[in-house]
Amino acid sequence: MPFKEMTRLNKLIHEPARLAVMNALSACTVAEFLFLQELTGLTKGNLSSHLSKLEKAGYIHIDKQFVRKKIPHTTIQITPNGQSALSNYWQQFDHIRELTKKWQKKA
């Protein structure tokens, strides 16, 4: 049943904002915080919260530096573990879609 499979999706990645961040990061080498904020439409606080969760899971690496000692410059990149988790997520999601299509044809 595809519906049981849906409950097994990686919930950390499945959340829409984190899914958007992970997909954006998988498409580039490194991204600046403000770029991700603009891309996702999230507030600074909301984006920071999601990034913290992804970093804690080991899915991303965050590098914080200061330009001219005052201006924060934050870059984010997906880790190999994060890339693998995202790839597994999409494989599982595609599998669920195929199961759903077969299930719909039987009904």
Side-chain angles (χ1 to χ4, degrees):
M1 292 294 254
F3 306 107
K4 287 183 182 180
E5 292 290 322
M6 287 180 192
T7 64
R8 295 185 186 107
L9 284 170
N10 182 328
K11 289 170 185 50
L12 185 64
I13 292 176
H14 188 66
E15 196 286 327
R18 290 191 291 269
L19 183 58
V21 168
M22 290 293 288
N23 279 294
L25 292 173
S26 73
C28 60
T29 305
V30 64
E32 293 181 345
F33 182 89
L34 294 176
F35 171 75
L36 284 178
Q37 183 185 8
E38 179 68 27
L39 193 65
T40 60
L42 298 170
T43 64
K44 287 181 181 180
N46 201 350
L47 179 57
S48 290
S49 175
H50 289 298
L51 291 176
S52 292
K53 290 175 184 178
L54 292 168
E55 183 180 41
K56 186 176 179 182
Y59 289 170
I60 63 169
H61 172 73
I62 300 173
D63 183 40
K64 296 180 182 183
Q65 297 181 1
F66 287 91
V67 178
R68 290 175 270 167
K69 298 182 183 180
K70 292 184 179 182
I71 303 167
H73 183 257
T74 304
T75 57
I76 304 99
Q77 62 187 125
I78 194 167
T79 64
N81 186 33
Q83 191 68 55
S84 177
L86 183 62
S87 178
N88 289 340
Y89 171 86
W90 284 121
Q91 287 174 3
Q92 188 178 10
F93 195 88
D94 288 341
H95 177 70
I96 291 168
R97 289 181 65 211
E98 289 304 313
L99 289 175
T100 302
K101 287 177 187 176
K102 290 176 186 175
W103 187 76
Q104 287 173 339
K105 289 178 183 176
K106 290 179 183 178

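Every heavy atom of this structure was used, including side-chain atoms; hydrogens, water molecules and symmetry mates were not.
In this structure a side-chain-to-backbone donor-acceptor pair under 3.5 Å is missing from Ser49 to Gly45. In this structure, the side chain of Ser84 does not engage the main chain of Pro80 through any donor-acceptor pair within 3.5 Å. Using modelled atom types, no side-chain atom of Glu32 and backbone atom of Leu34 make a donor-acceptor pair closer than 3.5 Å.
Glu38 pairs by the side chain to side chain donor-acceptor pair (under 3.5 Å) definition with nothing, not counting sequence neighbours. Applying the side-chain contact (heavy atoms from CB on, under 4.5 Å) criterion to Lys70, with sequence neighbours excluded, gives no partner residue. For Lys11, there are no side-chain contact (heavy atoms from CB on, under 4.5 Å) partners, not counting sequence neighbours. For Glu98, the side-chain contact (heavy atoms from CB on, under 4.5 Å) partners two or more places apart in sequence, or in a different chain, are Lys101. The ring pair (Phe, Tyr, Trp, His ring centres under 6.0 Å) check on His73 picks up nothing, with sequence neighbours excluded. Every side chain to side chain donor-acceptor pair (under 3.5 Å) that His14 has, sequence neighbours left out, goes to Tyr89.
Atom CD of residue Gln92 and atom CZ of residue Arg8 lie 8.5 Å apart, to the nearest 0.5 angstrom. Within the model, atoms NZ of Lys4 and CD1 of Ile96 stand 13.5 Å from one another, a figure rounded to the nearest 0.5 Å. Separation of atoms CD (Glu15) and CG (Leu19) is listed at 8.5 Å; rounding is to 0.5 Å. Between atom CG of residue Leu86 and atom CG of residue Asn81 there is a gap of 11.5 Å, rounded to the nearest 0.5 Å. Expressed to the nearest 0.5 Å, how far CZ of Phe93 lies from CG of Asn88 amounts to 15.0 Å. In this structure, Met22 CE and Ile76 CD1 are separated by 12.5 Å, a value rounded to the nearest 0.5 Å.
Heavy-atom minimum distance, Val30 versus Thr75: CG2-CB, 3.6 Å. Across all their heavy atoms, Thr40 and Val21 have their closest contact at CG2-CG2, 4.0 Å. Across every non-hydrogen atom of Cys28 and Ala31, the tightest pair is SG-CB, 4.0 Å.
Annotation: side chain of Phe33 is not in contact with side chain of Pro72 (no heavy-atom distance under 4.5 Å). Put simply, the side chain of Leu42 does not reach to within 4.5 Å of the side chain of Leu36, judged on heavy atoms.
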Tell me which donor-acceptor pairs under 3.5 Å the side chains of residues 53-68 have, and how far apart each pair is, sequence neighbours excluded?
residue : atom : partner : partner atom : Å
Tyr59   : OH   : Asn10   : ND2          : 3.0
Asp63   : OD2  : Gln65   : NE2          : 3.0

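Screening residues 17-28 for side chain to side chain donor-acceptor pair (under 3.5 Å) gives Arg18-His50, Asn23-Trp90 as the qualifying pairs, with residues at least two apart or on separate chains.
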